[in-house]
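This report refers to the structure that appears directly beneath it.
Reminder, nothing fancy here: chain letters follow the sequence lines and each chain counts from 1.
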Amino acid sequence: MGANGPEVLLSETKWLIAREIPHLRRYARALTRDSSDADDLVQETLVRALRKTAQWRRSGSIRAWLFTALYRNHLNRFRRRRTVQGSSEDLDQALESGVLANRPNQDAGLIWRDVKEALDRLPEDQRSALLLVTLEDLAYDEAAAVLGIPIGTLRSRVSRAREALRQTMDPALLDAAPIRRIK
Amino acid sequence: MTPVETQIHPLDLEAYADGRLDRDPARKEAVEAYLDGRPEERERIRAYRTIANRIRAEYQSVLDEPAPARLTEALARDGDPPAHRTLRRLALAASLVLAAGIGGWTAGHFGLFGVGTDGPDVRSIVAAHHDAMNAGAAEVADAAQTSRGPAMTSEPQLAMPAPDLSELGYRLERTAAYEDDSAKRTLLFYRDVDGDAITLVLERPIPTAQGAPVVKESDGVQNAYWTDSGLTVVVVGERVERILPTVQAAVDRALQRLDGADPATQPPGAPLMAGDQPSAVGEPAPDTLAPADEPLIQVQ
């Protein structure tokens with residue numbers, strides 16, 4: 001590796017995985033809303049990914065493959081946490097209601113001035129879909145594969161998410177934002 | 001007069017907002033023409049782009065942070081702990097041995113190609129598999145509340161154990177059943193410690209290559225089907241091709257415990273039903289659809 005690379009020589013596969021770490025950390029941070037939890041999730045994903053590199057070689061984009069693993073780990077971690085806590089709460093319901101979010105103690109009708117607050121108000125399934133498309137710039141089919149849903153469902157979730165954001169974010173916030181062409 | 005407008009779907013507008021039409025100049029031009037006379041729509045697109053920019057700006061700092069050492073160290077290490085690796089090797093070796101002993105499994109029938117014959121209703125099975133992968137935890141949690149517990153009723157002549165895939169690291173997570181005009185099916189959802197899921201389906205016979213697994217790929221997952229003891233068996237998962245011999249052997253062993261009953265001799269359309277079986281972690285595996293009149297799967 002070069003002077004700026006990891007100190008340990010990595011195989012080509014590991015190097016390809018290493019390149020995705022910043023993106024994995026970003027998506028994990030957005031999913032978990034906690035930097036330490038996010039890095040735990042990424043570490044777990046990396047360890048498991050290394051065990052299963054043969055899977056990736058058969059299935060295209062390494063980024064989509066890693067994001068798939070990360071998202072599954074995220075769901076599994078929630079399941080384990082729920083089991084430990086003995087909650088009877090249903091994950092589907094939680095995903096749809098946004099109850100997984102660190103919901104601000106405010107009424108839904110209020111206008112949100114902060115994009116994180118606005119994202120936290122979204123149902124979890126919409127939030128995870130929107131983040132893959134807008135934050136991570138995954139193709140629609142890749143994002144659908146990551147979430148394990150049909151592409152039509154993915155696009156529907158993204159559509160509902162951004163319309164909800166548009167409806168609830170402060171217009172001044174939208175007006176003040178610089179307009180930049182999206183790649 | 002304006003020129004005839006191309007039909008623009010709301011999803012086209014969203015794709016435009018996402019910059020996904022750059023590789024389709026004609027479509028992009030059509031969307032822009034559509035927006036020319038619709039300032040409200042144009043404003044909505046602008047808002048979507050602004051929101052996307054805000055989200056990216058919010059999390060940009062994460063990309064700029066140096067990755068914690070524990071992450072790069074995780075990569076530097078072999079990700080496969082010795083014990084786990086050994087188990088996997090043993091599982092693989094076992095599957096290879098079993099493959100040699102399975103009649104009808106031949107290289108000629110084993111690969112990712114279509115055979116052009118009518119197979120099982122794989123699309124709905126793949127959809128069920130995706131649902132199980134995505135929301136399996138929720139369904140388990142939800143259905144556990146309505147489970148009838150491990151003591152299932154059963155018709156003795158139809159009772160069989162769920163195929164045991166523990167040698168591959170998979171445990172039965174839940175069961176379900178559904179029916180359509182042509183068949184009733186039992187679905188068995190398995191998951192390993194890494195969260196990988198496979199779905200095994202038993203249904204009434206439909207024409208397939210006799211006894212030999214046919215492996216295809218659909219919606220990003222592999223599916224394989226074959227016939228055994230008069231049943232059509234379908235398995236769906238990401239790496240079915242690799243584990244198929246072991247799965248096939250496990251199903252075969254389970255079917256051999258039918259106490260002489262031949263599922264194929266049951267009346268057409270008779271339910272295959274799903275019974276439940278405690279999972280390895282002690283959670284009651286549910287029967288979410290509960291057509292429990294004639295369980296095929298019995299509690300072990």
Side-chain angles (χ1 to χ4, degrees), chain A residues 6 8 10 14 17-18 21-23 25-26 29-30 39 42-43 46-52 55 59 72-73 75-76 78-79 82 88-95 115-116 119 131 133-135 139-140 145 147-150 155 158-159 162 165-166 169 173-174 177-183, chain B residues 10-11 14-15 17-20 22 44 46-60 62-65 67-68 70-81 84-85 88 127 130-131 133-142 145 194-196 219-220 238-239 242 281 283:
Chain A
V8 182
L10 299 179
K14 287 183 176 180
I17 294 174
I21 288 177
H23 296 278
R25 292 185 73 223
R26 181 170 64 172
R29 183 83 60 91
D39 284 340
V42 172
Q43 184 173 358
L46 293 175
V47 169
R48 292 184 174 179
L50 287 174
R51 290 184 200 149
K52 301 190 172 187
Q55 273 188 14
S59 59
R72 285 187 200 170
N73 286 341
L75 291 181
N76 287 338
F78 176 80
R79 174 174 51 178
R82 192 198 59 75
S88 61
E89 180 177 65
D90 177 72
L91 179 56
D92 271 346
Q93 198 174 19
L95 290 173
V115 72
K116 274 187 176 173
L119 285 169
L131 288 169
V133 170
T134 61
L135 180 62
Y140 294 140
L147 301 178
I149 56 178
R155 296 194 67 176
V158 171
S159 177
R162 61 175 137 216
L165 291 182
R166 187 177 77 91
M169 286 186 74
L173 194 69
L174 296 176
I179 303 305
R180 182 167 64 85
R181 184 74 181 89
I182 295 174
K183 172 179 156 280
Chain B
L11 290 180
E14 304 224 8
D18 286 334
R20 306 293 166 95
D22 290 350
R44 188 158 63 94
R46 193 183 79 88
Y48 288 167
R49 290 179 171 178
T50 301
I51 289 167
N53 287 339
R54 287 271 172 184
I55 293 172
R56 278 193 284 269
E58 186 68 39
Y59 290 99
Q60 177 62 37
V62 183
L63 287 186
D64 299 333
E65 292 173 8
R70 61 178 171 131
L71 298 186
T72 51
E73 287 168 3
L75 267 187
R77 286 193 300 267
D78 186 341
D80 214 353
H84 193 118
R85 188 166 57 233
R88 292 279 172 176
H130 280 312
D131 288 346
M133 275 202 317
N134 194 32
E139 289 165 0
V140 168
D142 181 40
Q145 298 172 31
D194 295 335
D196 281 343
D219 289 347
E238 285 194 352
R239 51 195 182 112
R242 179 178 153 205
V281 294
E283 295 172 339

Can you tell me how far [atom2] of [Y] sits from [atom1] of [X], rounded to the nearest 0.5 angstrom?
X: R29(A); Y: E65(B); atom1: CZ; atom2: CD; answer: 4.5 Å
X: L46(A); Y: R70(B); atom1: CG; atom2: CZ; answer: 10.5 Å
X: Y59(B); Y: R25(A); atom1: OH; atom2: CZ; answer: 13.5 Å
X: E58(B); Y: L119(A); atom1: CD; atom2: CG; answer: 8.0 Å

query: If you count heavy-atom pairs under 4.5 Å with chain B, which of D39(A), I17(A), I21(A) comes out on top?
result: D39(A)

statement: Counting heavy-atom pairs under 4.5 Å with chain B, the top scorer among V42(A), L135(A), V158(A) is L135(A)

Qualifying residues under side-chain contact (heavy atoms from CB on, under 4.5 Å), relative to L63(B), sequence neighbours excluded: P22(A), H23(A), R26(A), Q60(B)

query: Quick one: what part of E73(B) sits under 4.5 Å from any heavy atom of chain A, side chain, backbone, both or neither?
result: neither

- request: Ignoring hydrogens and angles, tell me if any N or O in the side chain of R166(A) forms a donor-acceptor pair with the backbone of Y48(B) under 3.5 Å.
  value: no

- line: Scanning both residues in full, the closest heavy-atom pair of Y140(A) with A15(B) reads OH-CA, 3.3 Å

query: Under a 4.5 Å heavy-atom cutoff, which of A57(B), P10(B), P68(B) has the most pairs with chain A?
result: P68(B)

Pairing residues for E14(B) by the side-chain hydrogen bond (donor to acceptor under 3.5 Å, both in side chains) criterion, not counting sequence neighbours: S159(A), R162(A)

